[in-house]
Amino acid sequence: MTELNKNTLISIKNLGFSRGNKHIFDNITLDIPRGKITAIMGPSGTGKTTLLKLIGGQLQPEQGSVTVDQQNVHQLKPSQLYSLRKKMGMLFQSGALLTDLSVFENVAFPLREHSHLSESMIRTLVLMKLHAVGLRGARDLMPSELSGGMARRVALARAIALDPMMIMYDEPFTGQDPISMGVLVHLIKSLNTSLGLTSIIVSHDVQETAEIADLIYVIADGKVIDHGEPNALMNSSSAWVQQFMHGSADGPVHFHYPAPDYHSDLLTT
Amino acid sequence: MLHYFETLGRSTRENFAKLGRATFFLLLTLQGIPDILPRLSLLIKQLYSVGVLSILIISISGLFVGMVLGLQGYYVLSDFGADETLGLMVAASLVRELGPVVSALLFAGRAGSALTAEIGLMKATEQLSGMEMMAVDPVRRIITPRFLAGLMSLPLLAAMFSAIGIMGGHIVGVGMLGVDDGAYWSQMQASIDFYDDILNGVIKSVAFGFVVSWIALFEGYDTLPTSEGVSRATTRTVVNSAFSVLALDFILTALMFGDI
């Protein structure tokens, strides 16, 4: 095993994927290092969530390969894919909590499905996971009684229930108030360090993501536009990346939707 | 004109594709049955929400259908002086036809639509995807127990519908219109055959339970993950189930009782 392979948990090579006539990914290649927080950023609709679903084996690529922990995800048998998924946690944008189960039962769900632990052991593990996200006291609430930020924290506790090697976060900061956002940023960082995880964050919240990411890939129009450490990207030579990272209203992505010349348009009768 | 053929071709192709997905979905659902045996609690929970919660609507409807049958039957039969065979008429209509068919239609409206909405919302809120990512097969964990619960509940609900309907016919025929109590029961007992009537009715309701549960669960699973998609899927469940039940009823009746 080469040094590169040892340090790379996920390797995506020449990946192509389209929906209908729209090319979502056009031959993209990227590596996600083990033990680090890698962010995948880009404007809305660039298929960032689709990329997570491809990594998790929920979608089939048209070309190229996705290798997770030395296994080609799309060549695995269903049973092998399921055992790989036990090592992958995923935090969905909505939390995806099971609405008919309490907070406690939601976190216990993967443990009950995949282990034969005693009830007292499950209770201890669930309380430990809930404690890690600060919601041990909310164990008896139902998902409908939680705020958006709390629901994501419960989902995070559930995602780490089986002690995975990696977690994929799908837009974890979208629609959060500043306090919940701060809590989530802190949690993602601290869990990554304390549990020795590899984290992949898909997001377009530049500031929060840049604060904790070790490496950022910027994707647009189905291609990797740039990648590097957050500071390097802030000073990228690409005008497009500059505009995206700084959130400027005008730049290579124009403020105006393509239209005829303004003055002549006004004077047209 | 060309546009018409284009639309026809596209919708035919889409419907065949959907039929293929539905068949594949059914196979996956059936494959999950052996996994239910060690986890009967999943099935019991669904038997409650699909079956037990439908008892009220089935009982009340059965009572009224039986009462109407008693009333209508009495007026027709008494013209021929055959009002003593009222019990037979009510029971035969219920056990052979109305019990399985009406309870299947009510079941599609009460439990089928609820199943579609539940599964559709689980899809729209990424709960099914979430399960897949937790290495739990949503078909085995969510769909199969609901399918089995539907399959088991409907024959029992249809039996209740028929039994209560017979009581309803008795209330009207014997209680209000003066048909002889002994004749009501003895005519029924003498002429209703266990195999020809009761067993065929049970077979029908098992077939209806199979079809309605399949349609309801598939529509939920195949829905577009939006609120509009879920509401359309729920409507389709009720419409398609009603249509399938009535068409299947004709086929089964022809096979069981007819010489077609």
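Proteins get letters first, then strands, A, B, ... in listed order; numbering begins at 1 in each.
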- Item | Pairs satisfying ring-ring contact (aromatic ring centres under 6.0 Å, His included), at least one member in residues 134-163 of chain B, at least two apart |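 Found B:Phe147-B:Phe210.
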Take atom [atom1] of [X] as the centre, draw a 6.0 Å sphere, and report whether it contains more than 12 heavy atoms from other residues, nucleotides or ligands.
X        : atom1 : result
A:Met165 : CE    : yes
A:Met181 : CE    : yes
A:Arg123 : CZ    : no
A:Met128 : CE    : no

- Sort A:Leu97 into side chain, backbone, both or neither according to what part of it lies under 4.5 angstrom from a heavy atom of chain B.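 For A:Leu97, backbone heavy atoms alone lie under 4.5 Å from chain B.
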- Query: So what's closer than 4.5 Å to chain B heavy atoms on A:Met90: side chain, backbone, both or neither?
  - Reply: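 The side chain, not the backbone.
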Report every donor-acceptor pair between chain A and chain B with a separation under 3.5 Å, backbone and side chains included.
unit_1   : atom_1 : unit_2   : atom_2 : d
A:Gln58  : NE2    : B:Ser129 : O      : 3.2
A:Gln58  : NE2    : B:Glu132 : OE1    : 2.9
A:Arg85  : NH1    : B:Glu132 : O      : 3.1
A:Ser94  : OG     : B:Thr125 : O      : 3.3
A:Ser94  : OG     : B:Glu126 : OE1    : 2.9
A:Thr99  : N      : B:Gln127 : OE1    : 3.3
A:Thr99  : OG1    : B:Gln127 : NE2    : 3.3
A:Glu113 : OE1    : B:Arg39  : NH1    : 3.2
A:Glu113 : OE2    : B:Arg39  : NH1    : 3.3
A:Glu113 : OE2    : B:Arg39  : NH2    : 3.0
A:Glu113 : OE2    : B:Arg141 : NE     : 2.6
A:His114 : NE2    : B:Met134 : O      : 2.7
A:His114 : NE2    : B:Ala135 : O      : 3.4

- Task: Flag the pair A:Leu162 / B:Met134 as yes when at least one side-chain heavy-atom distance between them is below 4.5 Å, and no otherwise.
- Result: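 A side-chain contact is absent here, since even the closest heavy-atom pair is not under 4.5 Å.
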